[in-house]
Trainee: 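This is the structure, below, for whatever I ask next.
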Amino acid sequence: MAVIALKCPDIEVAVVDISVPRITAWNSDQLPIYEPGLEDVVKQCRGKNLFFSTDVEKHVCEADIVFVSVNTPTKTRGLGAGKAADLTYWESAARMIADVSKSDKIVVEKSTVPVKTAEAIEKILTHNSKGINFQILSNPEFLAEGTAIEDLFKPDRVLIGGRETPEGQKAIKMLKDVYAHWVPEENIITTNLWSAELSKLAANAFLAQRISSVNAMSALCEATGANVSEVSYAVGKDTRIGSKFLNPSVGFGGSCFQKDILNLVYICECNGLPEVAEYWRQVIKINDYQKSRFVNRVVASMFNTVSNKKIAILGFAFKKDTGDTRETPAIDVCKGLLGDKARLSIYDPQVTEDQIQRDLTMNKFDWDHPLHLQPMSPTTVKQERC
Ligand SMILES: NC(=O)C1=CN([C@@H]2O[C@H](COP(=O)(O)OP(=O)(O)OC[C@H]3O[C@@H](n4cnc5c(N)ncnc54)[C@H](O)[C@@H]3O)[C@@H](O)[C@H]2O)C=CC1
Ligand SMILES: O=C(O)[C@H]1O[C@H](OP(=O)(O)OP(=O)(O)OC[C@H]2O[C@@H](n3ccc(=O)[nH]c3=O)[C@H](O)[C@@H]2O)[C@H](O)[C@@H](O)[C@@H]1O
């Protein structure tokens, strides 16, 4: 959103969140996340055409286009627990938009959502719509943390999906005009809603699949004396394969790959495609295997026990140039070593000691369900706004 504000001085961007500490931080000198180049962008626009506020309803009521980027975590209970996307936060946002709106709006799915989510959102928005016209667009985000600003300045593509009706096409054009301020027209792809929603899950699955492929190969390299970096280089030189995203690792981390593939697996199962679901599930299984294989190798190399041995862990975030620890492989590695009673000294310049302690004591998936995100009660009385 900050990049939209920077590239489109004629557009006023209000970023709203129900989290008071987050908005306070966005309005301060200490931004709530570390991302190279972000501070610069925020400082250039904040107070001019970029505003951060907790007054969600007022700004939604006034907006022509509402981007919804709420979290879509993995469900931890109920139907599809451990796989399906939890759309509680999205549903609650959609109900709020329907309640407070007094003029036509384009509602943009920016969060990563299961294919066909727009259909459900449309129902919520148009129910009791007081004659208001809502157009839903899917505009998934492809940035990677650590290179977010670069990715947003020069995206490989911007994807916009919408209804194939005249109103849907008009809405697509309006959003396209926003991106056209800085993205070349040929890099803006337009599709139907379902293709856009599914393309995001597919892109993350393909990317993660490459990492699991090279990591699976690393196990075979270790067993045979081949060098995985050499194999990866040689394979990636084939222009049909390409060299990017073929770095072997302890396993991929981050808030999205695992969640989105689990979601894809669940969607395949729900559509009666167990073989396809099993195919994608293997990407996660190899990732888990790679993390435990790493711990086992460390322990095996130290006479089969790390009990009472002091081990330094340098770097805890899920990748460089970020302080984000969501699903970082470091958690599984540290827990594995602690399970064998190792004494760990952990350091990451972008991660606080408190965060590390929390991560090492939290249950899987709980990080994405913090208290402040529990949905507002649907019975909350809405005040008259704008
Ligand atoms: N983090 C990333 O690099 C990328 C994330 N995505 C997708 O974007 C979505 C959001 O991801 P993150 O920003 O990482 O999640 P996040 O958890 O950091 O942020 C979500 C924010 O939404 C706020 N929120 C929740 N319900 C709300 C409501 N009803 N009204 C107003 N604010 C509300 C929360 O307070 C929170 O600050 C997810 O679907 C994710 O898959 C997609 C591409 C990249
Ligand atoms: O949907 C999302 O959230 C985003 O997920 C990823 O971005 P991100 O998770 O921020 O970072 P990546 O650079 O993809 O790295 C993910 C993990 O894979 C690991 N990785 C990456 C590349 C590689 O060759 N090997 C490898 O192990 C990284 O170390 C990291 O743990 C995608 O790259 C983005 O396109 C997508 O928008």
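Atoms within a ligand are numbered from 1 in the order they appear, just like the ligands themselves.
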Trainee: Is it the side chain (CB and beyond), the backbone, both or neither of N204 that lies under 4.0 Å from ligand 2, heavy atoms counted?
Mentor: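 Looking at N204 and ligand 2, just side chain atoms fall under 4.0 Å.
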
Trainee: Between E222 and R293, does any NZ, NE, NH1 or NH2 come within less than 4.0 Å of an OD or OE carboxylate oxygen?
Mentor: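 A salt bridge is present here (some side-chain N lies under 4.0 Å from a carboxylate O).
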
Trainee: Would you say R326 and ligand 1 have an N/O pair spaced under 3.5 Å apart?
Mentor: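 Between R326 and ligand 1, an N or O pair is found under 3.5 Å apart.
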
Trainee: Quick one: look up the protein heavy atom nearest atom 5 (O) of ligand 2 and list residue, atom name and how far away it is.
Mentor: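 Closest protein heavy atom to atom 5 (O) of ligand 2: F257 CE2, 3.6 Å.
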
Trainee: Which one holds for N247 and ligand 2: side chain close, backbone close, both close, or neither close, with close meaning a heavy atom under 4.0 Å?
Mentor: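 Both of them.
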
Trainee: K110 to ligand 1: N or O pair under 3.5 Å?
Mentor: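 Between K110 and ligand 1, no N or O pair is found under 3.5 Å apart.
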
Trainee: Among all protein heavy atoms, pick out the one at the shortest distance from atom 27 (O) of ligand 2; state its residue, atom name and that distance to 0.1 Å.
Mentor: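 It is S249 OG, 2.6 Å.
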
Trainee: If the cut-off is 4.0 Å to any non-hydrogen atom of L143, which atoms of ligand 1 fall inside it?
Mentor: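 Close to L143: 3 (O), 44 (C).
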
Trainee: Tell me whether D238 at atom CG has more than 12 heavy atoms from other residues, nucleotides or ligands lying less than 6.0 Å away.
Mentor: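 Enclosed.
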
Trainee: What heavy-atom pair brings I124 and A98 nearest, and what distance separates the two atoms?
Mentor: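 Nearest heavy atoms, I124 then A98: O-CB, 3.9 Å.
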
Trainee: Quick one: do D86 and K75 make a salt bridge, cutoff under 4.0 Å?
Mentor: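 So D86 does not pair with K75 through a salt bridge.
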
Trainee: Give the residue, atom name and distance (to 0.1 Å) of the protein heavy atom nearest atom 29 (O) of ligand 2.
Mentor: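 Sorting protein heavy atoms by distance from atom 29 (O) of ligand 2 puts F318 O, 3.8 Å first.
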
Trainee: Would you check the N or O atoms of D17, main chain and side chain alike, for any that come under 3.5 Å of an N or O of ligand 1?
Mentor: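 Yes, at least one N or O pair falls under 3.5 Å.
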
Trainee: Would you mind checking which non-hydrogen protein atom is closest to atom 14 (O) of ligand 2, with the distance to 0.1 Å?
Mentor: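 Result for atom 14 (O) of ligand 2: F245 CZ, 3.1 Å.
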
Trainee: Atom CD of residue position E186 - does it have more than 12 heavy atoms of other residues, nucleotides or ligands inside 6.0 Å?
Mentor: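 Counting neighbours around CD of E186, more than 12 heavy atoms of other residues, nucleotides or ligands fall under 6.0 Å, so yes.
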
Trainee: Select the closest option to atom 29 (N) of ligand 1 among G254, A144, S92, judged by heavy-atom distance.
Mentor: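 Among G254, A144, S92, the closest heavy atom to atom 29 (N) of ligand 1 comes from S92.
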
Trainee: V158 and side chain to side chain contact (heavy atoms under 4.5 Å, CB included): which partner among L152, V183, V178?
Mentor: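 Result: among L152, V183, V178, V183 is the only option passing the side chain to side chain contact (heavy atoms under 4.5 Å, CB included) with V158.
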
Trainee: Heavy atoms only, cut-off 4.0 Å: how does K244 contact ligand 2, side chain, backbone, both, or neither?
Mentor: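 Looking at K244 and ligand 2, no heavy atom falls under 4.0 Å.
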
Trainee: Give the residue, atom name and distance (to 0.1 Å) of the protein heavy atom nearest atom 17 (C) of ligand 2.
Mentor: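 Looking only at protein heavy atoms, the one closest to atom 17 (C) of ligand 2 is G253 O, 3.5 Å.
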
Trainee: Students should be able to answer this: which protein heavy-atom is nearest to atom 11 (O) of ligand 2, and at what distance?
Mentor: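 Ranked first by proximity to atom 11 (O) of ligand 2 is K319 NZ, 3.4 Å.
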
Trainee: Return the set of residues passing salt bridge (Lys or Arg N to Asp or Glu O under 4.0 Å) with K116 (not counting sequence neighbours), or none when no residue passes.
Mentor: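 E119.
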
Trainee: Heavy-atom pairs closer than 4.0 Å: do any link ligand 2 to the side chain of E145, the backbone, both, or neither?
Mentor: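 Both of them.
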
Trainee: Between R281 and E278, does at least one N-O distance fall below 4.0 Å, as a salt bridge requires?
Mentor: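 Yes, this pair counts.
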
Trainee: For the pair E185 (side chain) and A180 (backbone), establish whether a donor and an acceptor sit closer than 3.5 Å, ignoring hydrogens and angles.
Mentor: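 Such a contact is absent between E185 side chain and A180 backbone.
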
Trainee: When you look at CE of M217, are more than 12 heavy atoms from neighbouring residues, nucleotides or ligands closer to it than 6.0 Å?
Mentor: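 Count not over threshold, so no.
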
Trainee: Could you tell me whether ligand 2 has any atom less than 4.0 Å away from a heavy atom of T112?
Mentor: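 No, that is not the case, since the closest heavy atom of the residue is not under 4.0 Å from the ligand.
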
Trainee: Has ligand 1 got any nitrogen or oxygen that is less than 3.5 angstrom from a nitrogen or oxygen of S69?
Mentor: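 S69 vs ligand 1: no N/O contact under 3.5 Å.
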
Trainee: Out of L201, D151, L143, T147, whose heavy atom is nearest to atom 34 (C) of ligand 2?
Mentor: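 Selected option, by shortest heavy-atom distance: L143.
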
Trainee: Using a strict 4.0 Å cut-off to heavy atoms of C256, name the atoms of ligand 1 that fall inside it.
Mentor: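 Checking each atom against C256, I get 5 (C), 40 (C), 41 (O).
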
Trainee: Within a 6.0 Å radius of atom OH on Y233, are there more than 12 heavy atoms belonging to other residues, nucleotides or ligands?
Mentor: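 For Y233, atom OH is not crowded (no more than 12 foreign heavy atoms under 6.0 Å).
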
Trainee: Quick check: does K200 get an N/O under 3.5 Å from an N/O on ligand 1?
Mentor: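 K200 vs ligand 1: no N/O contact under 3.5 Å.
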
Trainee: Anything under 30° is parallel, anything over 60° is perpendicular, the rest tilted; go ahead and classify F245 against F257.
Mentor: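 Ring orientation of F245 relative to F257: perpendicular.
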
Trainee: Heavy-atom distances under 4.0 Å are what count here, so tell me which part of K259 touches ligand 1: side chain, backbone, both or neither.
Mentor: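 For K259, only side-chain atoms sit under 4.0 Å from ligand 1.
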
Trainee: For the pair E141 and K200, find out whether any cationic side-chain nitrogen is under 4.0 Å from an anionic carboxylate oxygen.
Mentor: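 So E141 does not pair with K200 through a salt bridge.
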
Trainee: Which of the numbered atoms in ligand 1 are under 4.0 angstrom from any heavy atom belonging to E145?
Mentor: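 Within the 4.0 Å cut-off of E145, ligand 1 contributes 1 (N), 2 (C), 3 (O).
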
